[in-house]
Amino acid sequence: MRLATWNVNSLKARLPRVEEFLGYADVDVLCMQETKLTDEAFPHLAFAALGYETVHHGQGRWNGVAIASRVGLDDVAVGFGDDLDDPYPGEARLVAATCGGVSFVNLYVPNGREVDSDFYVRKLAWLTTMQEWLDAKHSRADSVAVVGDYNVAPADIDVWDSAAFIGSTHVTPAERERIRALEEWGLTDAFRLVFPDDDRLYTFWDYRSGDFHKHHGMRIDLVMVSAPLARA
DNA sequence: ATGGTTGATGTTCAA
């Protein structure tokens, strides 16, 4: 099983790049976030032409999550369902499906904007609710991969300069505690399993200040896997 | 430089 996660920041704008990636990356499952599409506008045929089934949970201008799989796509679920109170109601931030015997959960975690803002408080609540949803849906003994744009850097090693993030979201103890809670539930940060001590390896660079060219990055897109997958 | 740039249902919002 080979998987990838990608915040595409508009699938309409990024589709040629996504098609290019699928052409060489040899992934079985691709989880995408920020498609910024309605369900009606999702380009299912473009993925089918490359051999991938797709499911999309979108709302239009913002958010939107999708899974493309060439190893089957079953048991689709979107959102937290009726039994849980969504701190970001109406926003398309979770889609789940079984692909090749693995339960995939694809997340676009709220950004949080400013520490202690209403958006930040609801980001923390969203992560707590997501774990409640996960616990209701899955056992830690299942093969489950909870992947996506977490908008949290799990540790200082995951940002280019921890001093530069003092007072910022993505690195606060409360946000990191939500990642720890998922680990206590039974998930493992797959990247850290493979690269336990490597720094300067990131998944996101802000495009507003030439951060990519200065390698001012953060590792905020995560692949969290249960024990049966972590052992594999 | 409370900056910078990208994308969308854009003359504003979210990131």
Side-chain angles (χ1 to χ4, degrees), chain A residues 4-22 30-44 46-47 54 56-68 78-80 86-95 106-127 129-130 146-154 158-172 174-176 178-179 200-223:
Chain A
T5 177
W6 187 356
N7 180 321
V8 295
N9 186 23
S10 168
L11 187 57
K12 181 182 175 189
R14 211 68 59 220
L15 184 59
R17 288 294 198 187
V18 173
E19 291 172 312
E20 176 186 40
F21 175 76
L22 290 176
L30 171 63
C31 294
M32 292 163 277
Q33 306 85 35
E34 281 206 271
T35 59
K36 297 186 175 180
L37 295 174
T38 60
D39 288 335
E40 293 72 25
F42 188 87
H44 292 282
F47 288 90
T54 39
H56 180 244
H57 176 44
Q59 63 182 95
R61 185 178 181 184
W62 290 304
N63 310 311
V65 281
I67 301 173
V78 300
F80 292 138
D86 189 341
Y88 278 82
E91 300 203 352
R93 296 180 175 278
L94 185 154
V95 62
N106 178 23
L107 309 177
Y108 176 43
V109 177
N111 176 285
R113 303 191 193 183
E114 303 292 330
V115 175
D116 293 334
S117 67
D118 170 65
F119 296 96
Y120 173 83
V121 171
R122 287 190 288 133
K123 174 185 189 176
L124 297 176
W126 195 93
L127 284 162
T129 303
M130 192 282 290
V146 185
V147 316
D149 180 350
Y150 277 72
N151 272 318
V152 179
D158 297 311
V159 298
W160 67 276
D161 178 10
S162 58
F165 289 92
I166 292 171
S168 300
T169 58
H170 297 59
V171 299
T172 64
E175 289 166 288
R176 288 173 169 173
R178 299 305 191 275
I179 306 299
R200 296 179 53 76
L201 292 173
Y202 309 123
T203 66
F204 168 81
W205 300 258
D206 199 315
Y207 45 67
R208 290 176 288 190
S209 317
D211 279 1
F212 179 78
H213 306 283
K214 294 183 277 193
H215 200 48
H216 289 182
M218 312 174 75
R219 192 175 70 88
I220 57 176
D221 301 88
L222 307 178
V223 174

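The basis for the numbers below is simple: all heavy atoms, side chains too, and nothing from hydrogens, waters or symmetry mates. Below, chains carry the letters A, B, ... as their sequence lines are ordered, and counting in each starts from 1.
In this structure, the CG atom of A:Asn9 is 13 Å from the C1' atom of B:dC13, given to the nearest Å. Remark: P of B:dG4 and NE2 of A:His213 are 16 Å apart, rounded to the nearest angstrom. Atom CZ of A:Phe212 is separated from atom P of B:dT5 by 16 Å (rounded to the nearest Å). Here the P atom of nucleotide B:dT5 and the NZ atom of A:Lys214 are 11 Å apart, to the nearest Å. Atoms CG (A:Asp118) and P (B:dA14) sit 12 Å apart, rounded to a whole Å. Between the NE2 atom of A:His216 and the P atom of B:dT5 there is a distance of 16 Å, given to the nearest Å. A:Asn111 has its CG atom 15 Å from the C1' atom of B:dG7, to the nearest Å. Taking atom CD1 on A:Ile220 and atom P on B:dA15, their separation rounds to 12 Å, with Å as the unit.
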* Run the numbers on A:Val171 and A:Val159 for side-chain contact (heavy atoms from CB on, under 4.5 Å), then give the verdict. => CA-CA 9 Å; A:Val171 299; A:Val159 298; 3.9 Å; yes

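Within residues 200-210 of chain A, the residues that have a heavy atom under 4.0 Å from DNA chain B are, in order of number, A:Tyr207, A:Arg208, A:Ser209.
Taking atom P in both B:dG3 and B:dC13, the straight-line distance is 16 Å, to the nearest Å. Distance noted for atom P between B:dT9 and B:dT5: 23 Å (whole Å). On the C1' atoms, B:dG4 is 15 Å away from B:dA14, given to the nearest whole Å. For the C1' atom pair drawn from B:dA15 and B:dG10, the interatomic distance equals 15 Å after rounding to whole Å.
Contact of the A:Thr203 side chain with the A:Ile220 side chain is registered, since non-hydrogen atoms from C-beta on lie closer than 4.5 Å. The shortest distance between side-chain heavy atoms of A:Phe165 and A:Met218 falls below 4.5 Å.
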Identify the pairs formed between an N or O of the protein and an N or O of nucleotides 9-11 of chain B at a distance under 3.5 Å, and give each distance.
| unit_1 | atom_1 | unit_2 | atom_2 | d |
| --- | --- | --- | --- | --- |
| B:dT9 | O4 | A:Gln59 | O | 3.3 |

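A:Glu91 meets the side chain to side chain donor-acceptor pair (under 3.5 Å) test with A:Asn63, A:Arg93; sequence neighbours excluded. Every residue meeting the side chain to side chain donor-acceptor pair (under 3.5 Å) condition with A:Arg208, not counting sequence neighbours, appears here in chain and number order: A:Asp206. Partners of A:Trp205 by side chain to side chain donor-acceptor pair (under 3.5 Å), not counting sequence neighbours, listed by chain and number: A:His215. Legend: residues meeting side chain to side chain donor-acceptor pair (under 3.5 Å) with A:Thr54, ordered by chain and number and at least two apart, are A:His44.
Each of A:Phe119 and A:Ala13 has a nearest nucleotide on DNA chain B; the 5'-most of these lies closest to A:Ala13.
Formation of a donor-acceptor pair under 3.5 Å by the A:Lys123 side chain with backbone atoms of A:Thr169 is not found in this model. Between the A:Asp39 side chain and the A:Gly58 main chain, a donor and an acceptor come within less than 3.5 Å of each other.
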